[in-house]
Number of protein chains: 2
Amino acid sequence: MKENKEIPLAGVKEIARRADVSRATVDRVIHNRTGVSEKTRKRILAIIEELDYQPNVLARRLALASRGTVRLGVLLPSASEETEYWKAPLEGMNRAEAEIRQYGVLVSYYFFDQNLQSTFTAQVNRIINDALDGVLIAPIFEKESIQLLNHCKEKGIPCVLMNSDIPGMERLCYIGPELFDSGYLSAQLAHYCLQPGRKAVVVNIARKIKRNVAILEKVEGFQAYFREKDSEELLLSFHTTDTDYDSVASGLSALLEKEPQIGVLYVTNSRVVLVAEWLENIGRKDIILIGYDFLSGNIRFLEKGYIDFLICEKPQEQGYRGIMTLFRHLVFSVTAHEDYLTPIDIVTSANYKFYRN
Amino acid sequence: MKENKEIPLAGVKEIARRADVSRATVDRVIHNRTGVSEKTRKRILAIIEELDYQPNVLARRLALASRGTVRLGVLLPSASEETEYWKAPLEGMNRAEAEIRQYGVLVSYYFFDQNLQSTFTAQVNRIINDALDGVLIAPIFEKESIQLLNHCKEKGIPCVLMNSDIPGMERLCYIGPELFDSGYLSAQLAHYCLQPGRKAVVVNIARKIKRNVAILEKVEGFQAYFREKDSEELLLSFHTTDTDYDSVASGLSALLEKEPQIGVLYVTNSRVVLVAEWLENIGRKDIILIGYDFLSGNIRFLEKGYIDFLICEKPQEQGYRGIMTLFRHLVFSVTAHEDYLTPIDIVTSANYKFYRN
DNA sequence: GATGTTTTCGGGCGCGTGCCCGTAAGCCGT
DNA sequence: ACGGCTTACGGGCACGCGCCCGAAAACATC
């Protein structure tokens, strides 16, 4: 009594039968190759339309496997201790790679040092030289990234940006967060938690702040929220370009002495761990601390109660989707992809156990 | 100068060549079928081990496509207006179905009415009768679900539970939230937002509360948090089995009159929309409202500012993963799946635009 | 040693698609 | 009428794997 009423998903053979031609002719039409008279082409196209023909991706890729391999390249920072962050996207890419290796896809990684522009440039040149079929890049250095994007455009190589966007450039799509909203959301949390009479501090800890788009946009979003709530007078800010613990600690201690009514600290990147350490050392669990990224160090302080909220933007999924987008574009010709703005997740000590990065 | 150094992923042919047998013999060993002498079997197994042979899933499934179809069944509540919630899991399942249809998988849906146990029983019987290859169920009615699980166990049919678990039963895995932690997280948010001197209310709006595991566990989690913070005296509660607006509104109005210091309302399910409506009518944006599920009605009140936090557990992904887990188990023999506890997401007016259900 | 039975294995087809090669029909010029 | 050339199409192999059928080899029986 099985209900085997399933439609057998008509293939090329069925189309050929109905059009009274051979499969090869249908094939020519599907790939708009030459060698088919206009009359039969029309006829076949009509039948394809009618049957809503969907090529079998398995068979297609299997057949294509003989022809050659699709070669993807990824340009991203190497995951050092300082920037453990980049381990996550890499894991996502590896996961994607494992999934699609069967389809004849090969992924090469081009790592660079975030602090050395020269390493970036060198890898850009290697990528150009290697003549890949698709490229995924984290455009940390804007100028050189634009150069690479232009090269890809010229050669018709699809290119996906991740982590941060370069507005106005031609590319397949951008995969990453909307940074302004990320700051705006943090401000909302801060505002909810702010007890009467207390103030909030925006804390920037980074080598270069003025040029760092990621930080600037977040700060703007944060301030925008307080402005909307007519609470701008509650905002303080603290910047330091020294990223070691001592500089951060002494700077914050000085600030706290001058402004004892601090209730919330918002750190614009994953260096929040330094601030958490400081809070632990001065024994102030009552100050709300908001920061970024699902990293082991941050999680530890989340558990201890010194970090209250971590904002996370699914870096692993960013890597996974980046590869998959290129794959689908190249192998299955699924181009209709707009930008993918990652969710902005709130992680606390109560839900971090279930978080998927 | 292309680096085509990739290992060609040795297939059955290569194994056969090295073992000096035909591909058919290798095939017999791979599927541990009879008809191979112990000596050659050992030899072939050694080579398989050595080459770390991974069968090409595309080719495998393509070849299998002729034999027959893998038939999956899903038992879930029909998405009525009242329970729009179930639209999301269904969408996820449809997405999964579209993705794996190429692999010869057919999904049948067995809908029941959440308020009528008889419809559940009827569908259980249909499932048993239809002799499916795999089953995904939302075990709303526990007793009948156990009956179905036992039947599956007997027949060796893999079975995945979703949305809520039945502890102690044999099944492939559970996909859904950890309800206790869901309540616990809500309490944390409530506690953060609670201004001095204000109180929090647990609001249950459901036909049957005492028997509803989902609600009870959440309430327990919520209370546990306040107990840990020694703030139990700040907790009130409100229950109603009448799920219409008027009952909810008049009940809450009475409560508010008696306890004017209410600062937070925690509604344990998606009926939070009724409470939001009430807050709008009495014009009280200052009361923090926490509720469940990413539904259009709830989102509207999130935008307006009457709902502050929505807790969401990725229902769409639950459906997607449910189907995919069965698929991978049946087609690719990827059994090593433990339970998948979905993330517990916090959605506010500032990040809902980016949320993926 | 002839015949039956079991064990062990190879050949070959099919899954749906991509693509190369061959070929018949039509056209043109001489 | 014949050779050369283009156009339009069909036949057939390959991709990697599953599986059926039949054959060879080994063994058993009289």
Side-chain angles (χ1 to χ4, degrees), chain A residues 6-45 48 51 53-70 100-105 330-333, chain B residues 6-45 48 51 53-70 100-105 330-333:
Chain A
E6 44 174 315
I7 311 111
L9 286 179
V12 173
K13 194 152 70 177
E14 174 64 13
I15 298 174
R17 199 186 57 79
R18 297 204 189 197
D20 195 33
V21 292
S22 80
R23 299 174 318 146
T25 305
V26 176
D27 186 74
R28 274 181 273 265
V29 173
I30 289 172
H31 298 88
N32 12 280
R33 251 173 266 145
T34 60
V36 185
S37 69
E38 200 51 37
K39 208 175 63 180
T40 48
R41 156 168 267 115
K42 287 257 167 117
R43 184 157 39 102
I44 291 172
L45 279 175
I48 288 178
L51 291 179
Y53 167 70
Q54 302 280 88
N56 185 316
V57 289
L58 285 87
R60 166 169 290 183
R61 190 55 223 167
L62 183 61
L64 248 33
S66 52
R67 294 294 302 156
T69 313
V70 175
I100 61 180
R101 211 179 30 204
Q102 306 266 9
Y103 293 80
V105 177
L330 288 166
V331 176
F332 298 145
S333 306
Chain B
E6 46 174 315
I7 311 109
L9 286 178
V12 173
K13 193 153 70 178
E14 175 64 14
I15 298 173
R17 199 186 59 78
R18 298 205 188 195
D20 196 32
V21 292
S22 81
R23 300 174 324 160
T25 306
V26 176
D27 185 74
R28 274 181 271 266
V29 173
I30 289 172
H31 298 87
N32 17 278
R33 249 173 267 144
T34 60
V36 185
S37 69
E38 199 52 37
K39 208 175 64 182
T40 49
R41 155 167 267 115
K42 286 256 167 116
R43 183 156 40 101
I44 291 172
L45 279 175
I48 288 178
L51 292 178
Y53 168 70
Q54 302 279 83
N56 185 317
V57 289
L58 284 87
R60 166 169 290 184
R61 192 55 222 166
L62 183 61
L64 248 33
S66 52
R67 295 296 304 157
T69 313
V70 175
I100 61 180
R101 212 180 29 205
Q102 306 266 7
Y103 293 80
V105 177
L330 288 166
V331 176
F332 299 146
S333 307

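Residue numbers start from 1 in every chain, and the chains themselves are labelled A, B, ... in the order their sequence lines are given, proteins ahead of strands.
- Within the 4.0 angstrom heavy-atom criterion, no nucleotide atom of any strand lies near B/Thr34.
- Atom CG of B/Asn32 and atom P of D/dG18 are 12 Å apart (whole Å).
- Atom-to-atom distance recorded for B/Ile30:CD1 and B/Ile48:CD1 is 4.5 Å, nearest 0.5 angstrom.
- Among the nucleotides C/dG10, C/dG16, D/dG16, the one closest to any side-chain atom of A/Ala59 is C/dG16.
- Considering only heavy atoms from C-beta on, B/Tyr53 comes within 4.5 Å of B/Val12 through its side chain.
- Taking side-chain N and O atoms only, B/Tyr103 has no distance below 4.0 Å to OP1 or OP2 of C/dC15.
- For A/Lys13, a side-chain nitrogen or oxygen approaches OP1 or OP2 of C/dC15 to under 4.0 Å.
- The residue A/Arg23 sits close to a base: some heavy atom pair falls under 4.0 Å.
- Of the candidate nucleotides D/dG16, C/dC19, D/dC15, C/dC19 has the atom nearest to the side chain of A/Arg33.
- Among the nucleotides D/dC17, C/dC9, D/dG10, the one closest to the side chain of A/Ser22 is D/dG10.
- Take the nearest nucleotide of DNA chain D for B/Gln54 and for A/Glu38: the residue whose nucleotide is more 5' is A/Glu38.
- Of the candidate nucleotides D/dC17, D/dC19, C/dT17, D/dC19 has the atom lying nearest to any side-chain atom of B/Ala24.
- Interface remark: the A/Arg28 side chain does form a donor-acceptor pair with the D/dG10 base, using a distance-only criterion of under 3.5 Å.
- With rounding to whole Å, A/Leu64 atom CG is found 14 Å from D/dG16 atom C1'.
- When every heavy atom of B/Asn32 is checked against every heavy atom of B/Arg41, the shortest pair comes out as CA-NH2, 3.7 Å.
- Applying the 4.0 Å criterion to OP1 and OP2 of C/dT8, one finds that B/Thr40 has every side-chain N and O outside that range.
- What separates NZ of A/Lys39 from C1' of D/dC9 is a distance of 13 Å, to the nearest Å.
- At whole-Å resolution of the value, CG in B/Asn56 and P in C/dG16 are 17 Å apart.
- Rounded to whole angstrom, the span from the CG atom of A/Leu62 across to the C1' atom of D/dC15 amounts to 4 Å.
- B/Arg43 has its CZ atom 13 Å from the P atom of C/dT8, to the nearest Å.
- Taking the side chain of A/Asp27 as heavy atoms from C-beta on, and the options D/dC17, C/dC19, D/dC15, the nearest nucleotide is C/dC19.
- Under the 4.5 Å side-chain criterion, counting only non-hydrogen atoms from C-beta, A/Arg33 is in contact with A/Asp27.
- Remark: A/Thr25 is not in phosphate contact with D/dA8, judged by side-chain N or O atoms under 4.0 Å from OP1 or OP2.
- Distances shorter than 4.0 Å separate some side-chain N or O of A/Ser37 from OP1 or OP2 on D/dC9.
- Taking atom CD1 of A/Ile15 as the reference point, atom P of C/dG16 lies 12 Å away to the nearest angstrom.
- Remark: C1' of D/dC9 and CZ of A/Arg41 are 13 Å apart, rounded to the nearest angstrom.
- Using a 4.5 Å heavy-atom cutoff, the side chains of A/Leu64 and A/Arg61 are in contact.
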Derivation of the side chain to side chain contact (heavy atoms under 4.5 Å, CB included) call for A/Arg28 and A/Thr25: CA-CA 5 Å; A/Arg28 274 181 273 265; A/Thr25 305; 3.9 Å; yes
